[in-house]
Amino acid sequence: MTLVDPYVDLCSQSNKTETFIKSCSNINSAWASLIVEECVRLGFTYFCIAPGSRSSPLALSATGHPLTTCISCYDERSLGFHAVGYGRGSRKPAVVITSSGTAVSNLFPSVVEASQDFIPVVLLTADRPPELHDAGANQAINQVNHFGNYVRYFFNLPPPGDQMYARMVLTTVDSAAYNAMQAPQGPVHINCAFREPLDHSNQGWSFDCLRGLDRWFRNNEPYTKYLGMKMVSAFGNYSCSVIEVLDIIKKAKQGLLLVGAIHKEDDMWAVALLARHLSWPVAADILSGLRMRKVLNSFPEHDKSILFIDHIDQILLSDSAKSWINPDVIVQIGSRITSKRVEMFLESCFPSSYILIDSHPCRHDPSHVVTHRIQTSVSEFAASLCQCNFKRKRSRWQNILMVLNSVVSQEILFHVHSEFSLTEPYVAHVIGEALYGDAVMFVGNSMVIRDLNMFGKGWLEHTTNGGNVMMHNIPEFVGATVAGNRGASGIDGLLSTAIGFAAGSNKHVCCVVGDISFLHDTNGLSLLNQRDQRKPMTIIVINNHGGAIFSLLPVAKTTSPQILQKYFYTSHDISISKLCAAHRVKHFLVQTKSELQDTLLKTRAEHLDCVVEVENRIDENANFHRTMSMFVDNTATNYLDYLLGGPYSGTKSDLDGIYNSKIRAMEYMLYRIQLSAPRTSGSSNSSFSHEGFILKLRMDENIVGFGEVAPIEIHEEDIIDVEEQLRFLFHKVKDCELNVVPLLRGSFSNWIWTSIGIPPSSVFPSVKCGLEMAILNLFASQRKCGLSEILTGSNPSVRDQSLVEYNQNSSTRIQICALLDSYGTPMEVALAVAKLVDEGFTTVKLKVGRRETPAEDAAVIEKIREVVGYKINIRADANRKWTYEQAIEFSSSVKSFSLQYIEEPVSSVDDLIKYCENSGLPVALDESIDNLKGDPIDDLHQFVHPGIVAVVIKPSVVGGFESAALIAKWAHMHDKMAVISSAYESSVGLATYIQFAYYIDRQHDLVARIKRNDSCGSVAHGLGTYQWLREDVSEQKLKIHALSLGDGIGASVEDAHGYLQHLSINNEKIERTYSEEKIKTYSVRVDGDDFSYLVNLQEAGDCTNDKVVLFLHGFLGTSEDWTPMMKALSPIARVIAVDLPGHGESQILQHDAENFSQISVTVHSIADLLLKLICNITDGEVVVVGYSMGARIALRMALNQNHKISGAVLISGSPGLQHESSRRRRTAIDKSRAEFLLSSGLECFVNTWYSGKMWASLREHPQFDSVVRTRIKHRNIADLSKVLADSSVGSQKSLWEDLKHLEKPLLVVAGEKDVKFKKISEQMCSEIRKRGEGEADYRNRQDLCEMVVVPESGHAVHVENPLPLVRAIRKFLVKLHGT
């Protein structure tokens, strides 16, 4: 290898530059080359060249330089905006070269934009020499100071000549560059006059003009360096004015951090850190890079370290919210604010201090509210404040603002997803998902940027290959960069700017523009084909065939449609696809939501430039915006009323939280009551008795909330499943803060996850409903009002006076539909209906599909009409019992009998729409919505057909009131009835459903009013099961009676509230009561051969029960890990958990202290000690349940052929390592870990231990920190260290071969996300079953091992998702013991 002397290399380079300049054929070429070379040395290597003759010397020099990148366009306007985009993306200027004349003038719009938004651009405009000015010469205009004050610097170069020193050219370029990059950054203009020749024609010139350039030739640096002196001072040496600002921020009680446009990723990061440090609410503009955030974990919404108020614009739709927010101090970082509503709010809120920080000195204060202006970089300001100590205690004001943001966010989410058609707000909401990897967005002006700012999703999915370490000190997200031309906010040049932005940022760019903006800059498409220096682009054009923004402005209300269409909307039918074809650009037309999703995935996979046209209509868009704004206004107002009306015990110095609500005590009562007839959901000969649980939650003696859980045949869970979950949940719920907002979508589920630590999907629907019912009634009791008032808010409508009057006229009663099982002859059924009519019912539901043929059911309907006529509405419920053909047969027979609807007529949901179209009968949904999992809105789209007129909603089946309210709202938005239905609950459940149904009816009235639809009138709700209650759980009776004016049978919300308020349980109907089970704690000494073990045990259940379960925790765990699970299983077994040696309160007792280090506390020795322990505490057999290290011990015990072990449950367990080399390596690792534990202490060790890859899923668990805290409570670290080394999986004998000899039943459990141990579990089961192949006991061997994969969990299954684990263990025990 030959080494090159740097001095020689430098001389070679200088010789090349000097030689090249001197080789220029004429002075024009020499000057042009000097200009281009100096630009390159300054780092300005991107040249945008417009064709022209007079600029030939510059163009030839730029294209001939080896370090430049050149792009061309025939339209100078597009070229100028392309340069603006490049400067915006790279933060350094592109160099624009144009010819003389109007070619220069065409740059004006882009120069204005660059100037207004501080984008550096270097303009090199060719010009005629002085003698051709004012002489009628072609393309000769006055180009001196052509752009006026919009450029930071102008210099008019004389025509090149060898009588002038060339270094003047270099200093001119350097001076222009300095002014372009110095705050305030912006465009600079050098006007370059050239005489002919303009090509490379030879014309002698003197090298004397190069005198003084020797140093410049010898290096690669600019001729003139501009150096700045930065003052470095320690914090505390600030000027008095800056100290004043810091003092203002410290004293702020209701501080708001407003983040405007930010261009640098470092600045975004700095603002995020500052926001977390201040703990102020953050309202981030769409151009801040923080309005849309790519998350680095699975549950970003639960990271409360930064209080993002993403929907401040929409919150301000509510006059109540606008008046209430009232910040006392606003700190604004970055100048530009997109939202006009926010700007108007800033004008009116008058904070005591308004502090604006930006790097430029310009006055960006259109509202004239700024009291303190700081010119500095964002990073410097953030770094300074982060050195200050601020109180980070969350205030009530902040909490309410956060809830309002969640409320509005969920309202937007509902509307954009529930609307079946593809709307512009939907595009704005989901378009952020197109930002995969390091992709960024460029957004156009007018309606597009406003929609994105209003409706864009705050949290975006994002994957990262970052390390496994826990991120305690940095926000767990990255900002999603969004850029736009907001300097002058014009619609010109947007496409060209976006393409330049892609080139400058060197990232994939998703560009979103409107159709008029796109048409305004179609010449920019020519730039797309020059893709050598950038990544592919996706250009999304929102084509509503005109200027949609005018439809939302006041002018639309007072101007005729014809004038609007022609002079404001500028409506058009131009084919965007043909424009793209003319420029050879790939085009996609998108008209539905699914097409949009599919197309975005396709463009991502193909890595091609493409245009995605999203078609829409102005009128539809305007109407959707209008209705959504009214709903958001209503929702924000209602919830603010609720939040401000809540009990609040704090003082001004104690602003902690919205509520002062904790569950202090809980109990449930198992009831058994008699029904007057078998349930219609079961067979005709099913039992007349009915059982369930009444839940009772207390905040104190006077604040009580009741709920009910009573699963029946239609539920997936049974009474045993329910009680198991209730016992588990009751342990976890006690003393939980009730930070639940009633019926706010996701609030209750989020509380279950964050406060209880359980994935909401693992809670049975009936249990979730009953618990939510109890909590809602608890809130009503706390506020001394009815549940209906809690749900509807203190003012159940928006401040629109017409809506207030409309709701004041609404009844506080609901109608009830009678339920009739149609067994018996047609006449018997008809007479039964006649009796219901006499009682006052106006609606009845009949069960059909239970006779031999559909014709027989039709005959019953016919007979009813003969007997009672049309005095009553008839609903029929087939419960999916018919085939499509049978359902059609029924419908053809009853068409003339005016059914209100037929409920679930066909067995297959795939036939439902076909039935609607061919039967002519209105249809209602019931079971079809019961089976929807997760968020139901997207799945409900399949049921928008107008033939589906109603949705029957059972809260106990769909998972509670939150879910039921969401489904009901979807139904109302699609002009369908929402019918609340009971499932044979007692009067406790019915009283709650009555108030909930009233709320649903009021919501329906509101939807009809906002949508300007006629209301379908009162809806009779499916609560007729009250007639089945021969007995009830209460002493008093729930009032259900005939309503006035012939409105049918119903109930009032006042009576329902009064029933619950004065509820007195009839103890004769209660089988048993459970409040809280005490765990017994004791110690037992067990002697081994080498050491003794003083075992700390916890026990629950009947100590005389011969079914015993022994729980073994993992490394660093304790017996307390199993407490909730023990309580859940204690009704069926005696459950015992131990602290393993070295853990918790257990002690290793040394027989020989001197030789103790020689004794090994191995898995084998622990298993033997535990077998002795079992003999001490029970005469019967034991099922051993072990997790991780405990699972290895449990497996050893199960393989020991000991008659005391009846079976084992292995959770995330392993039989050991099969290869000797692997064991040696693991032994060394664990010994090193043990030494680290002793040397560094337990807390440091625990933090290191849980930073491993295996715990990635656990780290995302909301209770991870509390789990970690329990891991540092062990009596003896030395013993713990010894157990880690001695019980290492590397030191353990592999049990893989022994699996073939297993005789005891085994349940193997692994977490869905734990890929490693899921594979080990599968291999274990395979090994166990191998022995039976071909043998007589083959079937028994197959049944000997069962595997369960627990969803939504990783390695620590018992922590991450315990409820499915509890159920699996209970079923395993039942299978073992037969009961």
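Hydrogens, waters and symmetry mates play no part in the numbers below; they use all other heavy atoms, side chains included. For this chain, numbers begin at 1 and follow the sequence in order.
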Handout entry: Flag, side chain of Ser1165 to backbone of Val1161, donor-acceptor distance under 3.5 Å
Key = no
Practice task
Check Val1366, Val709, Leu771, Val767 against Gln725 for a side-chain contact (heavy atoms from CB on, under 4.5 Å) and give me the one that passes.
Solution key: Val767
Problem - Under 3.5 Å donor-acceptor, Glu1243 side chain and Ile1272 backbone - result: no
Fill in the blank from the handout: In terms of heavy-atom contacts, Leu697 and Leu778 come closest through O-CD1, 3.4 Å
Handout entry: Flag, side chain of Asn1247 to backbone of Cys1244, donor-acceptor distance under 3.5 Å
Key = no
Handout entry: Identified salt bridge (charged side-chain N to carboxylate O under 4.0 Å, His left out) counterpart of Glu724 within the set Lys1127, Lys1371, Arg1370
Key = Arg1370
Practice task
State whether the side chain of Gln1147 and the backbone N or O of Leu1094 hold a donor-acceptor pair below 3.5 Å, judged by distance alone.
Solution key: no
Practice task
Would you please classify the geometry between the Phe730 ring and the Tyr668 ring as parallel, tilted or perpendicular, with 30° and 60° separating the classes?
Solution key: perpendicular
Handout entry: Pairwise side-chain contact, Thr1123 with Gln1098, heavy-atom cut-off 4.5 Å (strictly under)
Key = yes
Practice task
Working to the nearest 0.5 Å, report the span between CD of Glu723 and CG of Leu670.
Solution key: 6.5 Å
Exercise for the section: Determine the interplanar angle of the Trp1255 and Trp1249 rings, folded into 0 to 90°, and report it as parallel if under 30°, tilted if 30 to 60°, perpendicular if over 60°. Expected result: tilted
Exercise for the section: Spell out, as yes or no, whether a donor-acceptor pair under 3.5 Å connects the side chain of Thr1227 to the backbone of Arg1223. Expected result: yes
Exercise for the section: Give every residue pair that meets the salt bridge (Lys or Arg N to Asp or Glu O under 4.0 Å) criterion with at least one member in residues 1111-1125, sequence neighbours excluded. Expected result: Asp1121-Arg1271
Fill in the blank from the handout: For Val1308 and Cys1325, the nearest pair of non-hydrogen atoms, with its separation, is CG2-SG, 4.1 Å
Exercise for the section: Mind running side chain to side chain donor-acceptor pair (under 3.5 Å) on Glu1352 and Ser762 for me, showing each step along the way? Expected result: CA-CA 9 Å; Glu1352 299 180 75; Ser762 67; over 6 Å; no
Handout entry: Backbone of Ser755 reached by a side-chain donor or acceptor of Gln1263 within 3.5 Å
Key = yes
Handout entry: Where Ser661 and Glu737 come nearest, the two heavy atoms and their spacing
Key = O-OE2, 3.3 Å
Exercise for the section: Look only at the side chain of Asp1139 and the backbone of Asn1096, and say whether a donor-acceptor pair between them is shorter than 3.5 Å. Expected result: no
Problem - Lys1204 side chain near Cys1175 side chain, heavy-atom distance below 4.5 Å - result: yes
Handout entry: Non-hydrogen atoms of Leu1140 and Ser1146 that approach each other most closely
Key = O-CB, 3.8 Å
Problem - side-chain contact (heavy atoms from CB on, under 4.5 Å) assessment of Val1349 paired with Lys1318 - result: CA-CA 7 Å; Val1349 176; Lys1318 194 162 61 170; 3.9 Å; yes
Exercise for the section: Please say whether more than 12 non-hydrogen atoms of neighbouring residues, nucleotides or ligands are located less than 6.0 Å from NZ in Lys1172. Expected result: yes
Handout entry: CG/Asn1176: more than 12 non-hydrogen atoms of other groups inside 6.0 Å
Key = yes
Exercise for the section: Using atom types as modelled and distance alone, determine if a side-chain donor or acceptor of Arg1367 lies under 3.5 Å from a backbone N or O of Asp721. Expected result: no
Handout entry: Trp1122 vs Val1135, side-chain contact (heavy atoms from CB on, under 4.5 Å): CA-CA, chis, key distance, verdict
Key = CA-CA 10 Å; Trp1122 304 107; Val1135 285; over 6 Å; no
Handout entry: Val1108 side chain reached by Leu1110 side chain, heavy atoms, under 4.5 Å
Key = no
Handout entry: Ring geometry between His1143 and His1113 (parallel below 30°, tilted from 30 to 60°, perpendicular above 60°)
Key = tilted
Exercise for the section: I would like to know whether Val1084 and Val1138 meet side-chain contact (heavy atoms from CB on, under 4.5 Å); could you show each step before the answer? Expected result: CA-CA 10 Å; Val1084 175; Val1138 303; over 6 Å; no
Handout entry: Lys1282 bridged to Asp1279 by N-O distance under 4.0 Å
Key = no
Exercise for the section: For Ile720, look at atom CD1 and say whether over 12 heavy atoms of other residues, nucleotides or ligands are found less than 6.0 Å away. Expected result: no
Handout entry: pair Leu1217-Ser1294: side-chain heavy atoms closer than 4.5 Å
Key = no
Exercise for the section: Indicate whether any N or O donor in one side chain lies under 3.5 Å from an N or O acceptor in the other, for Lys1107 and His1377. Expected result: no
Problem - Min side-chain heavy-atom separation Ile1136-Thr1178 under 4.5 Å - result: no
Exercise for the section: Look at the rings of His1358 and Tyr1187 and say which category their plane angle falls in: under 30° parallel, 30 to 60° tilted, over 60° perpendicular. Expected result: tilted
Practice task
Give the C-alpha distance, both sets of side-chain angles, the deciding distance and a yes or no for side-chain contact (heavy atoms from CB on, under 4.5 Å) between Leu1363 and Phe764.
Solution key: CA-CA 9 Å; Leu1363 289 180; Phe764 291 127; over 6 Å; no
Handout entry: Over all atoms of both residues, closest heavy-atom pair of Phe1115 and Leu1280
Key = CE1-CD1, 3.7 Å
Handout entry: CD (Gln1218) with more than 12 external heavy atoms under 6.0 Å
Key = yes
Fill in the blank from the handout: Shortest non-hydrogen pair, Ser1287 vs Met1189, comes out as CB-SD, 4.2 Å
Exercise for the section: Would you confirm whether Ser1214, through its side chain, and Gly1216, through its main-chain N or O, come within 3.5 Å as a donor-acceptor pair? Expected result: yes
Handout entry: Test item: Met1324 and Leu1299 side chains (from C-beta on) under 4.5 Å apart, heavy atoms
Key = yes
Problem - Arg727 and Glu1077 ion-paired at < 4.0 Å - result: yes
Exercise for the section: May I ask you to test the Phe748-Pro760 pair for a side-chain heavy-atom distance under 4.5 Å? Expected result: no
Exercise for the section: Please tell me if the side chains of Val957 and Pro765 come closer than 4.5 Å, counting only heavy atoms from C-beta onward. Expected result: no
Handout entry: Donor on one side chain, acceptor on other, Lys1293 and Thr1162, under 3.5 Å
Key = no
